[in-house]
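Before any comments, here is the structure.
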Protein chains: 4
Amino acid sequence: MTAERKRPHTGRQRNEAARTAILDAAMALLGTARFTADEIAREAGVGKQTLYRWWPSKAAVVAEAMGRRARDIAPVPDTGTVLGDLREFLAETFTGAAEPANRNALRQIMASAQQDEHLAEAVAGFTAARRDALRSLLERAGRRGELPAGADLDLAVDQAYGVLWYRLLVGHAPLDRRAAEQLARALIASVGA
Amino acid sequence: MTAERKRPHTGRQRNEAARTAILDAAMALLGTARFTADEIAREAGVGKQTLYRWWPSKAAVVAEAMGRRARDIAPVPDTGTVLGDLREFLAETFTGAAEPANRNALRQIMASAQQDEHLAEAVAGFTAARRDALRSLLERAGRRGELPAGADLDLAVDQAYGVLWYRLLVGHAPLDRRAAEQLARALIASVGA
Amino acid sequence: MTAERKRPHTGRQRNEAARTAILDAAMALLGTARFTADEIAREAGVGKQTLYRWWPSKAAVVAEAMGRRARDIAPVPDTGTVLGDLREFLAETFTGAAEPANRNALRQIMASAQQDEHLAEAVAGFTAARRDALRSLLERAGRRGELPAGADLDLAVDQAYGVLWYRLLVGHAPLDRRAAEQLARALIASVGA
Amino acid sequence: MTAERKRPHTGRQRNEAARTAILDAAMALLGTARFTADEIAREAGVGKQTLYRWWPSKAAVVAEAMGRRARDIAPVPDTGTVLGDLREFLAETFTGAAEPANRNALRQIMASAQQDEHLAEAVAGFTAARRDALRSLLERAGRRGELPAGADLDLAVDQAYGVLWYRLLVGHAPLDRRAAEQLARALIASVGA
DNA sequence: AGTTAATCGAGACGGTACGTCAGGTCTTGGC
DNA sequence: GCCAAGACCTGACGTACCGTCTCGATTAACT
């Protein structure tokens with residue numbers, strides 16, 4: 001898993017390869033016992049100073065890495081119906097988050113964010129983007145007439161991500177397709193009322 | 001804020017006053033930068049060994065302290081209607097959790113639980129007890145005929161506590177009476193459907 | 001060479017064995033490339049913090065260790081004549097200093113003392129004690145009538161230790177019994193004039 | 001104290017002005033806490049690479065700078081008598097070395113030479129040149145018949161420079177004209193015997 | 001009444017990780 | 001090809017906190 005040992009110097013400009021290697025190493029180590037500044041640097045084949053030159057703390061690296069990964073996350077589907085869209089979106093989101101590697105990373109990020117301001121901001125930004133995605137899905141349904149006009153979508157969105165994070169952090173119940181489907185129906189019922 | 005300096009020795013029996021002082025100090029420091037075994041001991045006017053004699057780790061102290069505080073938490077009300085009960089219960093729960101001292105404590109507990117097994121268990125137990133409370137509220141409504149018989153109450157419960165914890169940890173939206181009321185209506189609508 | 005792994009804790013009192021182990025390790029490592037706070041601690045089987053708890057810097061450890069070793073150094077001989085005494089004293093001093101382990105230690109101490117105040121003081125104290133020893137040897141000769149009364153002994157003493165340190169630090173000429181003998185004669189001649 | 005910011009590029013030829021600026025900056029910083037490769041480069045208004053292009057290490061810069069300064073050092077005087085010559089030579093040497101700027105530079109050079117081979121060689125060369133100067137002074141006296149023919153001049157020379165360096169490094173006694181005069185007489189007595 | 005045993009406050013200890021600093025290497029872009 | 005700039009890797013530094021250990025005192029329970 002260790003990065004290739006050969007990476008050309010880029011002189012006085014920032015070495016993008018080093019930056020990438022650090023972010024990759026940080027994500028690879030997230031959620032493991034080796035999640036250490038020294039280990040991240042070693043894994044990335046980088047001096048520790050290079051890490052601290054560009055990020056104020058280990059947490060900040062994670063914050064950026066998380067933002068980078070956010071792009072790979074479940075896009076808003078378009079199946080033609082709210083139920084279809086919502087079911088699909090939540091299923092993708094739940095199963096993605098429940099994957100062991102992601103699960104550990106997300107848990108540790110949320111945990112660290114409680115004590116690190118940089119990371120708290122990053123988490124706020126990341127979660128806001130995800131909420132926006134879900135909200136846009138629901139708004140489209142409203143425009144289609146599947147949901148009433150004045151519905152409180154923000155609360156519904158928080159109910160969805162609330163279930164996700166609550167189960168992720170406490171671990172008392174599964175995050176699977178079945179849970180996603182039930183939640184999809186429940187949300188539609190509650191918003192539609 | 002420091003504990004009274006005078007506390008009598010109790011000889012060869014466990015000193016209950018010391019135990020209490022440690023729990024108090026731990027709760028007082030939870031959520032601050034000084035949340036350290038050394039600081040807890042100093043704040044409690046206690047030797048560090050006294051802490052580790054009775055708890056296996058700093059987190060375990062927090063776990064017990066949390067359990068102790070759990071007793072003070074919103075009881076299940078009985079207003080005669082689901083909406084009334086739920087609104088009251090959630091409002092008490094939300095505003096209690098949002099109180100700055102509690103808020104910081106809860107955030108740090110959940111954060112620490114992600115890395116400490118003892119604490120994870122304690123959190124699991126604590127949250128289960130709270131879920132049971134809410135579930136019993138809803139079951140009573142079912143028996144009264146206010147909610148359909150076969151409804152999936154577990155999901156509704158997770159939606160409620162999900163919103164609570166999600167907003168607590170991310171901080172993007174308030175946890176106030178208004179949110180509680182909206183959530184109460186939404187849950188009833190979704191379960192009733 | 002590593003210290004025995006078993007050393008009992010002494011509780012809340014300073015652990016004299018740890019102190020000794022650190023001093024020993026420091027002397028053992030002096031003059032080698034491994035002369036590092038981490039290495040000293042590892043060699044002594046001690047946490048680094050224990051070193052920094054009692055000494056402000058690595059140099060201060062050396063300073064104390066050197067003072068401890070100073071007691072083992074060449075005593076003032078009494079052969080009955082200045083020449084005999086001086087020859088003996090210088091020969092012991094020179095050959096002792098020239099021994100590889102001592103040589104490296106002394107060089108590194110004197111070097112570090114140029115940048116570290118603690119160590120500079122320690123070196124000043126150590127060298128003063130050695131000058132006093134040599135001076136007392138010459139004073140006794142004066143009382144015996146072997147040297148004139150008002151002679152400037154301080155300069156003679158500095159000439160002796162000057163040759164020692166100069167050769168130690170520059171390495172252009174040997175520090176052996178022959179050099180000691182020549183120097184003994186030269187000093188007697190110059191003081192006696 | 002910073003070098004003038006304007007210095008014309010010389011294109012593909014070595015820029016002598018840069019070389020000089022580095023040497024000057026090195027000497028200016030010698031003996032201070034800012035004696036750092038980065039600081040020397042900044043002070044000289046030079047890239048660090050320019051320093052390492054021409055010298056193998058920081059110490060080597062110092063070595064060359066020292067050699068450059070060596071030319072300014074006390075020449076061998078010719079007063080007509082050993083005592084006059086020696087007194088004059090030592091007085092110049094002592095007072096020159098004792099000047100604060102020189103004093104700090106010499107101390108740090110000798111200190112660094114204990115850990116750096118390049119510098120050790122430079123110091124060896126520099127000190128040998130100085131010993132030769134003093135030796136030639138004494139040899140001339142021998143040819144004049146002021147000193148016996150077979151005298152051991154090397155030891156006398158080491159006694160002289162020994163006093164100089166010993167007092168420089170330990171700082172327990174002054175290096176002034178009076179010390180020079182006393183030493184001159186002592187050396188003549190010891191060599192003449 | 002004296003002895004035994006467990007608790008307590010205190011703080012030193014071995015260890016792990018932190019974030020900083022300096023040395024010496026490397027590359028860019030301008031001259 | 002030299003230069004200023006500055007990013008890079010390496011490795012030592014001194015600090016913070018964890019959980020363990022031992023002391024000397026205090027007091028309850030047992031003899």
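Note on naming: letters A, B, ... go to the chains in the order of the sequence lines (proteins, then strands), and numbering restarts at 1 for each one. The model shown is predicted, which means the values in this text are computed figures rather than measured ones.
Atom-to-atom, CG of Leu51(A) to C1' of dA17(E) comes out at 13 Å; the value is rounded to the nearest Å. Separating the CD atom of Gln115(B) from the P atom of dT16(E) is a distance of 18 Å, rounded to the nearest angstrom. Nucleotide dG6(F) holds its P atom 14 Å from the CD atom of Glu39(D), rounded to whole Å. Atom CZ of Arg42(B) is separated from atom P of dA12(E) by 12 Å (rounded to the nearest Å). Between the C1' atom of dC9(F) and the CZ atom of Arg14(A) lies a distance of 16 Å, rounded to the nearest Å. Residue Asp38(C) contributes atom CG, which lies 8 Å from atom C1' of dC13(F) at whole-angstrom precision. Straight-line distance from the CH2 atom of Trp55(B) to the P atom of dC18(F): 15 Å, rounded to whole Å. Look at CD1 on Ile40(D): it is 12 Å from P on dA22(E), rounded to the nearest Å.
Proximity of Thr50(C) to Arg53(C): side-chain heavy atoms (C-beta onward) are separated by under 4.5 Å at one or more points.
Comparing Glu16(C) and Ser57(A) by the nucleotide of DNA chain E that holds the closest heavy atom to each, the one mapping nearer the 5' end is Glu16(C). Between Ala37(D) and Gly47(C), the residue anchored closer to the 5' end of DNA chain E is Gly47(C), taking for each the nucleotide with the nearest heavy atom. Along DNA chain F, the nucleotide closest to Thr36(B) and the one closest to Lys58(C) are compared, and the more 5′ of them pairs with Lys58(C).
For dA12(E), the OP1/OP2 oxygens have no side-chain nitrogen or oxygen of Thr50(C) closer than 4.0 Å. For dC3(F), one of the phosphate oxygens OP1 or OP2 lies less than 4.0 angstrom from a side-chain nitrogen or oxygen of Arg53(D). For dT20(E), the OP1/OP2 oxygens have no side-chain nitrogen or oxygen of Tyr52(A) closer than 4.0 Å.
Looking at Ser112(D), its side chain never comes within 3.5 Å of a backbone N or O of Ile109(D) through a donor-acceptor pair. Side chain of Gln114(C) to main chain of Leu169(D): a donor-acceptor pair is present (N/O by atom type, distance under 3.5 Å, no hydrogens or angles). For Thr36(C) (side chain) and Glu39(C) (main-chain N/O), no donor-acceptor pair under 3.5 Å exists by modelled atom type.
The side-chain tip of Arg14(A) points at the ring of Trp54(A) from less than 6.0 angstrom away and within 45° of straight on.
Residues satisfying the side-chain hydrogen bond (donor to acceptor under 3.5 Å, both in side chains) criterion with Asp38(A), sequence neighbours excluded, are absent altogether.
Nearest nucleotide to the Trp54(B) side chain, out of dC13(F), dC13(E), dT7(E): dT7(E).
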Going 5' to 3' through nucleotides 21-31 of chain F and flagging B where a protein heavy-atom sits under 4.0 Å of the base, S where only the sugar-phosphate is that close, and - otherwise, we get BBB-BSBB---
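Across all non-hydrogen atoms, the minimal contact from Ala37(D) to Lys58(D) is N-CD, 3.8 Å.
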